[in-house]
Amino acid sequence: MKKEDPILADELNRRIEADLQGQQPPVSEAIQPEAELATRLINLAQDTHPDPDFVASLGSQLARRATQKRKSDNRANSPERPSFWQQLSQLFKEGTIMNRNKYLLGALGVLALVVVGAYVIFNRGSNDNIEPVADATGSEVQTDESVSSEVDEPATNPDSPDEATEVADLPPLPVLDGSGQASGLGGGGGGNVRPQGGGGSIAAESASLAADSSFIFTDPFSGTLFTLNTTLPTEPGLAPVLQNVPGDGMSLDAVRDLASRFGFTGQIYQEQYPVFEQEEGFPTFEPPIVYHLFDGPRSLIIDPWGVYYNDRSIENDFENPISFEAAVPIAEAFVQERGLLDFEYETMQLWGADVNFVRTINGQPTNQPEMTVGVSHDGRIYFVSYQVMRNAEIVGRYPLITAQEAWELLQSGVLENNIPYQYAARPELAIEEPVFLEDPAADLYQFWMREFAPGDEIHLYEWPIVFLPADGNGDPRIQIRHYVIQADTATLAALAERVGEQTHVWGQVGPDGDTIELTGWEPIEQINEPISGPGIISRSGDQVLFTNNDTGSVYIVPDAPADLEDGTEVYLFAWTARDLGLEYPAVDWENIDKIVNFPPDEELLPVEPPVEEPVFEPFTYESFTVNEVSLAYYTTYSWPTNDEGELRYEVQPTIIVQPTWKFSGETDTGDLVEFFVQAPLPEYLNR
């Protein structure tokens, strides 16, 4: 990661926030394409409903990555698997964490708006007709002795006659839908660790990329020869289904209990969100209740999905990570000491040294983790994503199709049978360094972001982040960027009314570098013309000036970087300047970007005659060898509806975990893939 990347991310973050407020301030040339793309995605998202599983899956991943990878100037770039789909996934992770945690972890509805613009390219339609599995009781069905009837988790025992279910009384299950995975790009590899089955589809195809960069929908497993290189299992014939129905909300006592397990005993806050004008004909959006706790560099977020712990004081060395084998006992000890592991599990490596805890049912794993723990290079815990199903229970044991029948379905067509699949990471690739092409002009680039040291005077033009005490007692917590505002109760209460409104605050940076001892503040109605654009830096003694090329205006650049040389052509951004009674106004600059002018090529390349565009041939795998077949459990989501029958994505769905026959193997190109064929008999599916 170049040292200027976090600075560009911070600038793009502020542009996105302003865009959400209906403003479009100019940005540096370096991020102009990203800023324009963000605007288009936000506009597109306003009229688009996201796929339910996609929201749940990506929300979980972004939440985990947001708590793991806080922006830091001296943090190394996170490793990633060298494949197109992993890079695309990483792009979303790294791009979206530029925004504040309130968009990543708290307001799932806002998350849907931000990411659905990109997702709609790949997925059209939704699985709107899935009904939640209802609780059912009855008499136990008799099984063969060879079929295991014990379930490790949860406490509901399917062997108890009072809690078992007759086969005839089993409620229908949602149908897995793998047709909208869009995994056909360039041979795949390293896809989303939470497959998108159970919602959304493209009519009959997956997405691929044509030579002209347009999306063409293809099936990478069309015509693929499937070969079985293992023995098909003959049991079990019955398997349990888990259901997690969301509760009515968490009480403050429950929040305090979870917080105390992570060592937090202070004030519990709820973040306040801006109130946007509601469009006529659209339901009112009610953001979920999200709780925040703070303890110096440590923070804890508790929302309807789970708990997210982060310790900013620990900087992980991603270039020299701890081994996964060494990380596992450290992570296990941390969560066990806090009573967070109350289910049977396996540990799984999905990315780097992160330790993922996957629930097992009858010894068989589910397809996604419920808890992820980040262990630093020196063996310390720096983040935890805890998304354990709090209300999981067995709803019954379902008769299954045989592994032979599932194998026949797989051979007859992946897309035709809506079979979801995911690319598996090779352990040796999970921590492999990414390969980057060196930029021969990299040494020419320079970027500076305004930094403030303890004791410095500071002026910021930002949108306050407001946290109010959950119990109604105490002062609000006001943050401007990462700074916590120190002021009297009346001032804090007044600033709390500025949520979502740009505000000028000024004061002195506190001794810890993370607070502002407030001197004053004023509302900003609208800044029509920020100070930005190309210009020339000039030095005269200790004074540094910036002359704007477009307007000819001259500004004093306070606290100018020492290596900003006289005569340097730069692009400067500031919201405004202040008159200090000097020869020129002082610009409250936020970032400065050196302009690099490349000389024209001395030799002109010969003009090649135009050639016809090649006919696009969609990528397909020639063969897939199945090396392992096992029973595995697959997670789907069933979202509630409103009075008009529209899905409500702002609330929690019912989570249903059902058995599948998992076929694991390798393609002719070396990609590791896992296919999930729905195992319950067809008559028990909600078609």
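As the structure is a prediction and not an experimental result, all values here were calculated from the model. Residue numbers start at 1 and run along the sequence shown.
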Set of residues satisfying ring-ring contact (aromatic ring centres under 6.0 Å, His included) with respect to Phe467, sequence neighbours excluded: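 So Phe467 forms a ring-ring contact (aromatic ring centres under 6.0 Å, His included) with His292, Phe294.
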Non-neighbouring partners of His504 that pass ring-ring contact (aromatic ring centres under 6.0 Å, His included), sequence neighbours left out: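 His459, Tyr461, Trp506.
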Partners meeting side-chain contact (heavy atoms from CB on, under 4.5 Å) with [X] (sequence neighbours left out):
{"X": "Val484", "value": "Arg477, Gln479, Gln486, Thr515"}
{"X": "Asp542", "value": "none"}
{"X": "Ser553", "value": "Thr551, Tyr555"}
{"X": "Ser540", "value": "none"}

For [X], enumerate each residue passing the side-chain hydrogen bond (donor to acceptor under 3.5 Å, both in side chains) test, keeping only those at least two apart in sequence or located in another chain.
{"X": "Ser538", "value": "none"}
{"X": "Thr576", "value": "none"}
{"X": "Asp456", "value": "none"}
{"X": "Asn549", "value": "none"}

Geometric cation-pi criterion Arg298 and Tyr309, 6.0 Å radius, 45° cone: no
Contacts of type salt bridge (charged side-chain N to carboxylate O under 4.0 Å, His left out), residue Arg498, not counting sequence neighbours: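 Scan of Arg498 (salt bridge (charged side-chain N to carboxylate O under 4.0 Å, His left out), adjacent residues dropped) gives none.
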Residue pairs passing the salt bridge (Lys or Arg N to Asp or Glu O under 4.0 Å) test where at least one lies in residues 564-580, sequence neighbours excluded: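 Those involving residues 564-580 are Arg578-Asp588.
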